[in-house]
Structure formats: structure tokens, C-alpha cells
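As the structure lists them, so they are numbered: ligands from 1, and atoms in each ligand from 1. One is the number of the first residue; the rest follow in order along the sequence.
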Amino acid sequence: MNIHEYQAKDLLSKFGVGIPAGHPALTVEEAVEGAKKLPGPLYVVKAQIHAGGRGKGKFKELGPDAKGGVRLAKSIEEVEEHAKDMLGNTLVTVQTGDAGKQVNRLYVTDGVDIAREYYLSMLVDRATGRVAIIASTEGGMDIEEVAHSTPEKITTITVDPAQGFMPHHARAVAFGLKLEGDLNKQAQKLARQLYEAFMALDCAMLEINPLVETEDGNLLVLDTKMSFDSNALYRHPDVEALRDETEEDPAEVEASKYDLAYIKLDGNIGCMVNGAGLAMATMDIIKLNGAFPANFLDVGGGASKEKVTAAFKIILSDPAVKGILVNIFGGIMKCDIIADGIVAAAKDVNLSVPLVVRLEGTNVEKGKEILDNSGLAIVSADDLGDAAKKIVAEVKQAA
Ligand code: ADP
Ligand code: MG
């Protein structure tokens with residue numbers, strides 16, 4: 001799960017991290033009110049979307065010469081103008097894709113006199129089972145580009161979570177940022193605070209870009225991105241409450257309400273499968289037959305009629321779907337009950353695309369009978385290979 005910049009800054013400030021003052025705003029009036037609470041005379045109005053690259057982004061509605069999603073303002077009036085310009089419009093950045101993201105929230109924050117920009121991030125390194133801290137003197141830019149063209153400017157420090165964050169880790173981070181004197185001390189303290197936040201909040205990723213050195217010699221977090229391990233969210237109801245569903249794929253939000261594991265993909269064959277392994281195998285075999293899956297969908301062990309209906313609706317809400325392959329192994333669930341669910345769901349949603357069903361397991365014969373006698377144009381298949389061949393052929397024929 002991702003959260004907005006202002007929410008992440010709010011969380012980090014509780015760990016003592018130095019952050020410029022700022023206020024979130026949902027309306028132009030709130031943006032003006034927020035600015036009035038700041039000392040001025042320099043303000044920054046920042047679009048809050050779950051994507052980076054906002055500064056260099058472009059608003060779809062505003063033409064190529066308009067400013068991006070991070071704007072300096074020298075007066076309250078200018079804050080108001082920027083807020084009017086941004087709210088409700090669509091910001092396209094390198095991370096949003098061509099469709100862009102609608103800006104529904106802003107953050108009005110203190111303008112900072114920047115002397116230098118740095119990069120600092122932490123993430124779970126699955127290969128080593130440790131926390132990787134990445135530090136670079138090249139802040140404010142695309143870190144992938146830095147990694148590609150000047151990898152020597154990036155330092156990676158790994159922390160064994162069983163051992164914890166040690167003073168030498170802090171020194172290595174400050175050294176990686178090439179900081180000296182008091183700034184070096186500040187960087188050591190900051191690295192420890194960030195690590196504490198990372199662990200305490202069960203983060204998956206925490207990125208500070210840029211971390212800045214101000215003209216008066218302070219280290220401040222100017223931009224931050226934070227994402228969390230979804231499996232640990234139950235431990236953090238306060239973090240879960242920060243979820244902004246308008247930033248997520250609507251189909252994935254709907255699926256999570258029914259406890260369905262759904263991930264949208266780019267193909268045109270919708271898949272409904274029970275079990276993650278079988279779902280992966282189903283996607284593989286669709287590809288093997290020359291087509292592409294439109295989604296990953298695991299309906300889980302207890303596929304009730306309600307769940308199957310919800311799954312059908314979610315699959316069909318994707319306009320790219322030209323056919324559906326149902327591949328269910330009735331182990332705990334019996335095939336006849338699943339078949340009943342499929343037939344009811346297909347009738348309920350007025351299924352308009354070809355449907356191939358492969359059932360296997362307990363009561364499979366009864367299940368097939370139900371499908372055959374349903375009066376619906378359901379193609380039943382005998383095994384996984386057969387099913388994939390049939391759905392690919394059906395979709396090709398329909399095209
Ligand atoms: P993004 O990464 O989405 O483009 P950032 O918050 O990193 O957004 O902002 C882009 C750039 O804008 C920063 O690298 C920094 O130079 C400048 N900037 C951001 N916030 C402030 C601020 N509070 N004061 C001064 N400059 C800022
Ligand atoms: Mg940034």
C-alpha cells in the first residue's frame with residue numbers, strides 16, 4: 001500500500017525527522033488557509049498523487065507551457081492561483097503512464113533555500129533478507145538514471161534486522177552522502193530515525209528524494225515516498241486509515257472487498273482460478289497458446305456463488321476482456337456447487353463473451369452436467385491444455 005507525501009512526512013515527523021512545515025488541502029480555500037499558517041515569504045504547492053516526477057510533470061488540461069505539479073509561490077495570492085490551476089486537473093509524469101492522475105489533494109509547504117540535494121532510501125532486499133539503505137550525492141533526479149550512468153555515485157549499506165541498526169551503519173550512510181562536520185552528524189542521526197520508522201511501521205520502501213542541505217546548514221526531508229507491506233497492515237490501523245482508494249485501480253479495490261486476489265494485466269483473456277499456483281499455471285498456458293491473460297485472479301478456497309459473481313463482474317469491468325477462462329479445482333469445494341455458482345453468475349451478469357470452463361475434482365461429472373444443461377454457451381474443457389486452446393480459439397473466432 002502507498003500513501004501520499006504529506007502523510008508520510010507526518011509519520012516520519014513522529015520519529016524526530018526534520019521536515020519543513022506544511023498543510024494538506026482538498027480545496028483552494030484550504031490551500032490558502034494552510035499558506036497563511038506558514039511563515040512565508042516562499043511557499044511550495046505540491047500535487048499529492050501516488051506517483052513521483054511531479055515537478056517535471058505536465059497537466060493534460062493546461063497546455064505544454066504550464067508549470068508542473070510542484071510549484072514555488074512568492075505570495076498567498078500565488079498559492080491560490082496554483083491551487084486553482086492544479087486541483088481537479090490531470091497530472092502526467094514519468095510514473096503515472098499516459099493516462100495521468102487526477103489531482104484531488106494538495107500540500108502547501110515552506111519554501112526551502114536549497115544548497116544541495118541528496119538521495120536516501122531504504123527497502124527490503126529479498127535476496128539477502130536484509131534492509132538495504134541506498135545513499136547518493138545525486139539527489140533530486142531519477143535514481144535509475146544515476147544507477148545506470150554513474151553507479152559509483154551510489155552507496156548501498158545492508159542492515160541485518162536481527163542485529164539492528166549499528167553506529168557503523170550510520171557512519172557509512174553519512175560517508176556515502178559525502179557529508180562532513182555537523183552535517184555528517186545530522187545524517188547519522190537521520191539514518192537511525194529513518195531505520196526506526198522503517199521497522200516500526202513495517203515499510204516495504206521508504207525513499208527521500210531529495211534530502212536537502214539548506215543554506216543555513218540543516219538536513220531536511222523535502223520529498224518522501226513510503227509504501228507498506230500489505231500483509232503487516234493489520235498491525236497498523238493508523239497506517240491503514242491513510243489508504244486513498246481514489247489512487248488505486250478501481251477493480252482491485254472492488255476485488256479486495258470480496259477477498260479476491262485480483263491484479264489487472266494487459267491481455268484480453270480474463271482468468272478465474274482457485275489457488276495462486278494454478279492461476280500462474282493458467283496464465284502461462286494461455287501465453288503458450290499465443291494469447292495474453294487480462295488478469296490474475298485467485299478466488300481462493302471457498303468460492304461461493306457471491307464470490308464467483310463478484311469475480312465475473314470484476315473481470316468484465318475490463319473492456320479489454322474478450323473471453324473468460326474458468327479453471328477450478330474442486331478439492332474442498334465440490335465441482336457441482338462451483339458449476340451452480342458459475343451458471344448463476346453468468347446469467348446474473350448477462351455474459352456476452354465466450355466462456356470456457358475447466359473443472360476437476362470432487363463431483364466433476366455432476367458439475368459438467370450442470371454446465372451442459374444450463375442453456376448457456378459455455379464450452380467445457382477436459383484439462384488445462386485443452387481449456388487454454390479452446391479459449392484462445394474462441395476469442396480468435398469472435399474477433
Ligand atoms: P517529485 O519528485 O514528484 O518531482 P519533489 O517533491 O521531489 O517532487 O519536488 C521536485 C523538486 O522541487 C525538488 O527536487 C526540489 O528541488 C523542489 N522542491 C520541492 N519541495 C520544495 C520545497 N519545500 N522548497 C523548495 N524547493 C522544493
Ligand atoms: Mg522527489
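Atoms of ligand 1 found under 4.0 Å from any heavy atom of Gly53, numbered from 1 in the order shown, are 1 (P), 2 (O), 3 (O), 4 (O). Residue Glu117 has at least one heavy-atom neighbour below 4.0 Å for each of these atoms of ligand 1: 13 (C), 14 (O), 15 (C), 16 (O). Less than 4.0 angstrom separates some heavy atom of Pro210 from each of these atoms of ligand 1: 7 (O), 13 (C), 14 (O). Less than 4.0 angstrom separates some heavy atom of Asn209 from each of these atoms of ligand 1: 7 (O). Heavy-atom contacts of Gly52 reach the following atoms of ligand 1: 3 (O) (cutoff under 4.0 Å). For ligand 1, the atoms sitting less than 4.0 Å from at least one non-hydrogen atom of Asp223 are 1 (P), 2 (O), 5 (P), 6 (O), 7 (O), 8 (O), numbered in the order shown with element in parentheses.
Considering only heavy atoms from C-beta on, Asp142 stays 4.5 Å or farther from Val94 through its side chain.
For residues 150-174, no residue pair satisfies the side-chain hydrogen bond (donor to acceptor under 3.5 Å, both in side chains) rule, not counting sequence neighbours.
The CD1 atom of Ile286 lies 3.5 Å from the SG atom of Cys271; values are rounded to the nearest 0.5 Å. The line from CG of Leu11 to CG of Leu242 is 6.0 Å long, rounded to the nearest 0.5 Å. Here the OH-NE2 distance, from Tyr107 to His4, works out to 13.0 Å after rounding to the nearest 0.5 Å. Of the inter-residue distances, the one linking Leu120 atom CG with Leu190 atom CG reads 6.0 Å to the nearest 0.5 angstrom.
Listed here is the closest heavy atom pair of Leu87 and Val28: CD1-N, 3.6 Å.
With sequence neighbours left out, the side-chain hydrogen bond (donor to acceptor under 3.5 Å, both in side chains) criterion links Asp318 to Lys264. Residues passing the side chain to side chain contact (heavy atoms under 4.5 Å, CB included) test with Asn231 are Asp229, sequence neighbours excluded.
Within the set Val221, Leu222, Val70, Ile19, the minimum heavy-atom distance to atom 27 (C) of ligand 1 is found for Leu222.
Protein atoms that are N, O or S and lie under 2.8 Å from the Mg ion (ligand 2) are these: Asn209 O, Asp223 OD2.
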